[in-house]
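Worksheet: one structure, shown below.
Residue numbers start from 1 in every chain, and the chains themselves are labelled A, B, ... in the order their sequence lines are given, proteins ahead of strands. Remember, predicted model here, so these are calculated numbers, not experimental data. Both backbone and side-chain heavy atoms feed into the values below; hydrogens, waters and symmetry mates do not.
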2 protein chains.
Amino acid sequence: MVALAYADHALLTSGSAARSLGLSYARPLPVVTFGAGSEIYVPGQAADALYQVEFGAVRLHRLLSDGRRQVIAFYLAGETFGFAAEPIHSFFAEAIVATGLKAVVHPASGAVSPDLLSLALRGMIRAQEHILVIGRQTAVERIAGFIIDMASRQGDLEHIDLPMTRLDIADYLGLTIETVSRVFAKLRSAGLIKLRSIRCVEINNLRALQGLCA
Amino acid sequence: MVALAYADHALLTSGSAARSLGLSYARPLPVVTFGAGSEIYVPGQAADALYQVEFGAVRLHRLLSDGRRQVIAFYLAGETFGFAAEPIHSFFAEAIVATGLKAVVHPASGAVSPDLLSLALRGMIRAQEHILVIGRQTAVERIAGFIIDMASRQGDLEHIDLPMTRLDIADYLGLTIETVSRVFAKLRSAGLIKLRSIRCVEINNLRALQGLCA
DNA sequence: CGGGTGTTTGACGTCTGTCAAAAAGCGTGG
DNA sequence: CCACGCTTTTTGACAGACGTCAAACACCCG
């Protein structure tokens with residue numbers, strides 16, 4: 001872990017790992033590893049590459065001036081992120097745990113592939129659906145939906161990894177860490193989920209959980 | 001108004017105005033008018049055209065099973081909407097007032113223009129920023145930001161049209177109609193805005209209003 | 001001049017946030 | 001292997017912002 005963080009730091013300080021990757025190659029690239037908690041890009045940084053998660057997990061977030069934070073999205077293994085409407089990023093992207101990334105395309109390149117548009121559209125729809133969740137659902141609905149979402153993205157009901165902290169989940173769902181903790185406890189004592197460990201959930205009653213999502 | 005609604009109804013019932021437009025022409029099309037409150041498309045309908053607003057205003061929204069509604073976005077004159085990640089729509093698009101639309105591109109066509117990608121990305125960023133607003137801002141912050149956003153989109157601080165109802169605003173900002181009304185009253189009595197009429201706002205103190213947005 | 005929709009205002013309730021402290025994990029080092 | 005210290009999580013008591021319910025008030029158009 002120390003070694004990873006160190007390598008990561010070296011890449012970042014030598015002038016943006018992202019940029020050097022994006023400009024050096026035209027094709028899929030070697031996996032670059034980021035240590036837990038390290039920054040992949042920050043607001044203002046040139047947006048000249050997309051990333052595919054090989055392993056680990058990434059959070060995209062934004063801060064208000066007084067420190068309030070909103071996590072915009074999580075990206076798990078196999079998912080792609082890094083879109084920006086302008087030539088520079090407007091969010092933070094950070095590795096949640098030790099994470100391997102591969103730069104897959106270069107948005108500034110002349111050709112626009114239909115795949116790229118499709119990815120962008122999927123991202124937009126996902127964001128718009130998240131607006132509904134945050135704008136109109138209760139804490140229980142949000143968390144039940146979140147667990148189901150994580151399960152479906154990992155294709156497993158019995159071993160759902162939650163690489164992010166409760167604070168990350170809270171900031172993603174527009175709640176506080178205490179509310180997240182309380183709702184998890186409630187779902188557990190109702191027998192709908194089991195907390196195998198602090199970062200691993202099992203769904204015991206999918207139907208009931210789905211029933212909690214409006 | 002009756003005439004408009006009637007014409008709209010005829011178009012819709014004769015098998016989707018959107019579809020017939022999208023398939024009949026390859027280039028910019030004549031303006032089609034939709035009456036206040038009429039549907040432009042609904043979830044499940046084929047997504048085979050984008051629309052540019054010529055005049056009027058459109059709301060994009062989604063419903064939960066129990067009737068809770070979230071307005072995802074408003075589109076004013078000059079703005080473009082109609083993106084979908086799948087071949088069918090997942091939201092409702094409705095004319096708020098009498099509205100003229102022009103179908104501008106056909107997303108299913110082979111060529112993907114950079115402009116199209118740019119529009120999609122801009123939509124994604126806008127949605128992601130709205131997540132921050134709804135997830136982490138107070139009622140006053142949301143409404144102050146909303147008024148400023150409407151002003152900048154209309155390029156006028158002294159005559160800001162709010163074509164949508166208070167309920168639309170509430171459902172857009174994740175609030176209730178009563179809270180929206182109360183905050184407007186508060187901003188008015190604080191001298192930051194003037195309500196020229198129920199659907200027209202004037203900003204008296206932009207700095208103070210900006211100061212209210214985190 | 002009505003009837004209907006949309007808006008405002010008031011009184012009250014509650015869900016979620018805030019503050020605080022204890023408990024549980026987890027990596028480090030003896 | 002266990003003790004230590006840190007971060008993360010859980011739990012409790014309390015408070016506040018916003019929602020709910022209800023009624024009065026404007027506005028629009030016929």
_How many whole angstroms separate atom CD1 of I169(B) from atom C1' of dT8(C)?_
14 Å

*Identify, between T165(B) and T179(A), the residue whose nearest nucleotide on DNA chain C lies closer to the 5' end.*
T165(B)

*Using atom CZ of F184(B) as one end and atom C1' of dG6(C) as the other, report the distance to the nearest whole Å.*
14 Å

*Between dT9(D) (C1') and E178(A) (CD): distance, integer Å*: 10 Å

*asked:* Less than 4.0 angstrom from a charged side-chain N to a carboxylate O is my criterion; do K194(A) and E158(A) meet it?
replied: no

*Sidechain N-carboxylate O distance under 4.0 Å for R136(B), D66(A)*: no

*Check the distance between dT7(C)'s C1' and D168(B)'s CG and give it to me in whole angstrom.*
13 Å

*Nearest-nucleotide comparison on DNA chain D, the residue closer to the 5′ end among R136(A) and M164(A)*: M164(A)

*Which part of the nucleic acid does T138(B) contact within heavy-atom distance under 4.0 Å: base, sugar-phosphate only, or nothing?*
sugar-phosphate

*Distance check: side-chain N/O of R188(A) vs OP1/OP2 of dT10(D), anything under 4.0 Å?*
no

_Is it the case that dG10(C) (base atoms only) and R182(B) (side chain only) share a donor and an acceptor within less than 3.5 Å, ignoring hydrogens and angles?_
yes

_Option among F74(B), F92(B), Y75(B), F91(B) that satisfies the ring-ring contact (aromatic ring centres under 6.0 Å, His included) test with F81(B)_ = Y75(B)

*asked:* Taking E129(B) first and then R62(A), would you say they form a salt bridge - that is, a charged N and a carboxylate O separated by under 4.0 Å?
replied: yes

*asked:* Nearest whole Å is fine: how far is dC15(C) C1' from Q137(A) CD?
replied: 15 Å

*State, without any angle test, whether H61(A) and Q70(A) hold a side-chain donor-acceptor pair at a distance under 3.5 Å.*
no

*Out of dC18(D), dT7(C), dT10(D), which has the shortest distance to the side chain of S181(B)?*
dT7(C)

*L162(B) CG to dG6(C) P, straight-line distance once rounded to whole Å*: 16 Å

*Pick base, sugar-phosphate or nothing for G37(B), based on heavy-atom distances below 4.0 Å to the nucleic acid.*
nothing

_Whole angstrom value for the distance that separates C1' of dT9(D) from CZ of R199(A)_ = 10 Å

_Does a side-chain N or O of R166(A) approach OP1 or OP2 of dT10(D) to a distance below 4.0 Å, or not?_
yes

_I need the CG-P distance between L175(B) and dC15(C), as an integer number of Å._
18 Å

*asked:* Both I198(A) and R142(A) contact DNA chain C. Taking the nearest nucleotide for each, which residue is further toward the 5' end?
replied: R142(A)

